[in-house]
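By convention here, the first residue in the shown sequence is residue 1. All values derive from a computational prediction rather than experimental measurement.
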Amino acid sequence: MVKGLRIGSILGVEVALDWSLMIIFVLIMLSLGAGLFPTWHPHWSAALVWLVAAVAAVLLIVSILVHELSHALVGRAQGVEIRRITLFVFGGMAQLEREPHTWRAEFWMALVGPVVSLAIGAACLVVGSALAGDVVIDPNDPTPALTQIGPLATVLLWLGPINLILALFNLVPAFPLDGGRMLRAVLWGVTGDVYHATRWAAALGRGFGIALIAAGAAMFVGIPVPLFGAGVIGGLWLALIGGFLHNAAKMSYQQLLARRSLERVPVSRVMLADVTTVEPHTSVATLIDDYLIAHDQRNFPVVRDGQLVGLAGLGEVRKLAPAARAGTTVADIMIPIGDLPTIEPDRAAAEALETISRRGVELLPVVDNGRVRGLVRREDIMKWLALRGDEEVIV
């Protein structure tokens with residue numbers, strides 16, 4: 001999963017920027033500031049050219065964010081929560097807490113992204129044309145007319161077609177692009193089987209990715225490709241996009257199969273059953289010496305009269321100054337039960353993994369009527385999938 005640097009929250013959706021986004025930002029800046037805009041406006045100063053190039057690059061990233069945010073808002077309306085959007089080198093990723101439960105929710109979530117991009121593109125062209133005034137742009141030779149327009153019109157007339165291309169590219173029926181998700185939704189609705197629908201849509205996604213890799217390789221060696229032409233940089237970029245789409249399609253299908261396996265497995269089969277507990281009055285110094293150092297466990301359920309009251313471990317100890325450890329009890333540093341996600345032993349392991357991902361934790365106490373039965377850790381679930389997952393999947 002792409003993590004990224006958190007920059008804020010919009011309408012309850014956390015927004016993060018992956019460091020790889022700097023690659024696309026720099027590439028856009030270079031292509032506009034050193035190539036396109038000086039050609040359009042040879043009379044502009046270098047400072048103005050680079051300033052307008054920077055503004056254009058930022059607005060493109062903002063338009064991608066709006067595209068992804070539309071997925072989140074429609075998903076929320078359809079009962080699918082998306083709490084985080086990450087922007088990275090290949091665009092954006094709206095991170096779903098869980099897959100849509102119905103094909104209609106999937107379809108509308110996927111459709112809204114390209115529609116928003118089309119709307120942004122059309123709006124940019126309309127406003128940009130209005131700002132250009134009476135200037136008539138010849139599609140076959142636009143440069144003489146473009147030299148007469150101002151900076152804002154220049155940005156909008158560049159940004160408009162880019163968003164239209166983004167919309168059309170996302171409509172390609174290749175999973176996990178929006179068009180591929182729409183295709184999966186339709187196949188899901190027709191067959192009633194989300195797993196086979198995903199397999200077919202993902203196969204198209206992998207095929208489209210391979211086609212882009214082949215086209216990029218051809219461009220790299222100087223063979224012109226329709227719509228893309230030829231060139232080393234363009235070919236390399238196209239091949240990278242193709243590789244990303246191929247891997248994303250493969251991973252998406254594998255993740256769905258993993259979930260299918262885990263839905264059939266109770267938590268009791270994957271949990272760590274032999275766990276050591278600690279009492280709340282235990283000092284932190286004792287927790288370190290007699291528990292953390294003496295056991296492989298890094299987190300210990302805190303139990304009072306047989307009932308779980310919290311969880312304490314290495315993370316909580318590290319927040320405490322060494323000098324305060326002897327005079328501080330486990331009860332003072334533990335995560336209290338009210339803030340602690342738990343799960344019952346007979347629930348599906350898929351639910352445990354979903355809760356772990358949603359809450360951003362590494363494990364869940366397994367509790368039955370308030371009593372600790374074990375711990376289920378992300379690593380235990382992943383180990384089970386690696387060793388036994390294939391036995392549970394019938395496709």
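- Surrounding CG of D274 are at most 12 heavy atoms belonging to other residues, nucleotides or ligands under 6.0 Å away.
- The shortest distance between side-chain heavy atoms of V376 and V270 falls below 4.5 Å.
- The side-chain contact (heavy atoms from CB on, under 4.5 Å) check on V284 picks up I288, V317, L320, R325, T328, I333, with sequence neighbours excluded.
- Classification of E362 and R377 as a salt-bridged pair fails, no side-chain N sitting under 4.0 Å from a carboxylate O.
- Counting non-hydrogen atoms of neighbouring residues, nucleotides and ligands closer than 6.0 angstrom, the CZ atom of R76 exceeds 12 such neighbours.
- The two residues P173 and L183 have their closest heavy-atom pair at O-CD2, 3.8 Å.
- Using a 30° and 60° split on the angle between ring planes, H67 and H71 fall in the perpendicular class, above 60°.
- Hydrophobic clustering of Ile, Leu, Val, Met, Phe, Trp and Tyr side chains at less than 4.5 Å, counting indirect connections, unites L87 with L59.
- Two residues are said to be in side-chain contact when any heavy atoms from C-beta on lie closer than 4.5 Å; V309 and V303 fail this criterion.
- Across all their heavy atoms, N163 and S117 have their closest contact at CB-O, 3.5 Å.
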Quiz prompt | Audit row: L311, M334, side chain to side chain contact (heavy atoms under 4.5 Å, CB included) steps and yes/no | solution = CA-CA 5 Å; L311 186 74; M334 71 180 185; over 6 Å; no
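- Between atom CZ of residue R199 and atom CZ of residue R206 there is a gap of 9.5 Å, rounded to the nearest 0.5 Å.
- Under the 4.5 Å side-chain criterion, counting only non-hydrogen atoms from C-beta, T282 is not in contact with V302.
- Side-chain contact between L385 and S261 is present, with heavy atoms from C-beta onward closer than 4.5 Å.
- For the pair S70 and V112, the tightest heavy-atom approach, listed with the atom from each and the gap, is O-CG1, 3.6 Å.
- Cation-pi geometry between R260 and Y195 is met: the NZ or CZ atom falls under 6.0 Å from the ring centre, inside 45° of the normal.
- Note on L48 and L157: same hydrophobic cluster, where clusters join Ile, Leu, Val, Met, Phe, Trp and Tyr whose side-chain heavy atoms are under 4.5 Å apart, directly or indirectly.
- Ionic pairing of R259 and E354 is present here: one or more N-O contacts between side-chain nitrogen and carboxylate oxygen are shorter than 4.0 angstrom.
- In terms of modelled atom types and a separation under 3.5 Å, the side chain of Q297 and the main chain of N299 share a donor-acceptor contact.
- Around the CH2 atom of W108, the shell of radius 6.0 Å holds no more than 12 heavy atoms that belong to other residues, nucleotides or ligands.
- Hydrophobic clustering, with ILVMFWY side chains joined whenever heavy atoms are under 4.5 angstrom apart, groups V62 together with L32.
- Minimum interatomic distance between G33 and P38 (heavy atoms only, all atoms of both residues): O-CG, 3.2 Å.
- Proximity of P114 to N170: side-chain heavy atoms (C-beta onward) are separated by under 4.5 Å at one or more points.
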Practice problem: In sequence, state the C-alpha distance, the side-chain angles, and the governing distance for L118 and L164, and then conclude on side chain to side chain contact (heavy atoms under 4.5 Å, CB included). | Solution: CA-CA 5 Å; L118 285 172; L164 296 181; 3.8 Å; yes
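- To the nearest 0.5 angstrom, M29 atom CE is 10.5 Å from F37 atom CZ.
- Looking at residues two or more places apart in sequence or on another chain, you find no side-chain contact (heavy atoms from CB on, under 4.5 Å) involving I213.
- A donor-acceptor pair is defined here as one N or O able to donate and one able to accept, closer than 3.5 Å; such a pair exists between the side chain of H295 and the backbone of Y291.
- Between D332 and T329, the side chains place a donor N or O and an acceptor N or O closer than 3.5 Å (distance only, hydrogens not considered).
- With a 4.5 Å cut-off on side-chain heavy atoms, F25 and L17 do not count as touching.
- Note on M219: it does not cluster hydrophobically with I165, by side-chain heavy-atom contacts below 4.5 Å among ILVMFWY residues.
- Side chain of D368 to main chain of R371: no donor-acceptor pair is present (N/O by atom type, distance under 3.5 Å, no hydrogens or angles).
- Between the CE atom in M382 and the CG atom in L387 there is a gap of 12.0 Å [rounded to 0.5 Å].
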Practice problem: Please test E106 against R184 for salt bridge (Lys or Arg N to Asp or Glu O under 4.0 Å), starting from the C-alpha separation and ending with a verdict. | Solution: CA-CA 8 Å; E106 169 91 298; R184 180 176 80 159; 2.4 Å; yes
Practice problem: Just do the side chain to side chain contact (heavy atoms under 4.5 Å, CB included) check on L171 and D178 with the steps written out, would you? | Solution: CA-CA 6 Å; L171 284 172; D178 294 335; 5.8 Å; no
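- Between V194 and L256, the closest heavy-atom pair is O-CD2, 3.9 Å.
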Going by atom type alone, with no hydrogens or angles, which donor-acceptor pairs under 3.5 Å involve a side-chain atom of residues 225-235 and a protein atom two or more places apart or on another chain?
none

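- Below 30°, between 30° and 60°, or above 60°: for F169 and F208 the angle between ring planes is between 30° and 60°, a tilted geometry.
- Side chains of I381 and L262 form a contact here, defined as non-hydrogen atoms less than 4.5 Å apart.
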Exercise. Any chance you could lay out the side chain to side chain contact (heavy atoms under 4.5 Å, CB included) test for V267 and D346, step after step, and finish with the verdict?
Key: CA-CA 6 Å; V267 168; D346 59 347; over 6 Å; no
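- Proximity of a side-chain donor or acceptor of N247 to a complementary backbone N or O of G243 within less than 3.5 Å is detected.
- Taken from CG in L212 to CH2 in W237, the straight-line distance is 13.0 Å, to the nearest 0.5 Å.
- Nearest heavy atoms, M271 versus S268: CG-O, 3.8 Å.
- Following chains of ILVMFWY side-chain contacts shorter than 4.5 Å, one cannot reach L272 starting from V366, and the two form parts of different hydrophobic clusters.
- Using a 4.5 Å cut-off on side-chain heavy atoms (C-beta onward), V190 and W103 make no contact.
- Between the side chains of H41 and T154, at least one donor-acceptor pair of N or O atoms lies under 3.5 Å.
- For the atom pair CG (L287) and CD (E279), the distance works out to 12.5 Å, reported to the nearest 0.5 Å.
- Within the model, atoms CD of E68 and OG of S63 stand 10.5 Å from one another, a figure rounded to the nearest 0.5 Å.
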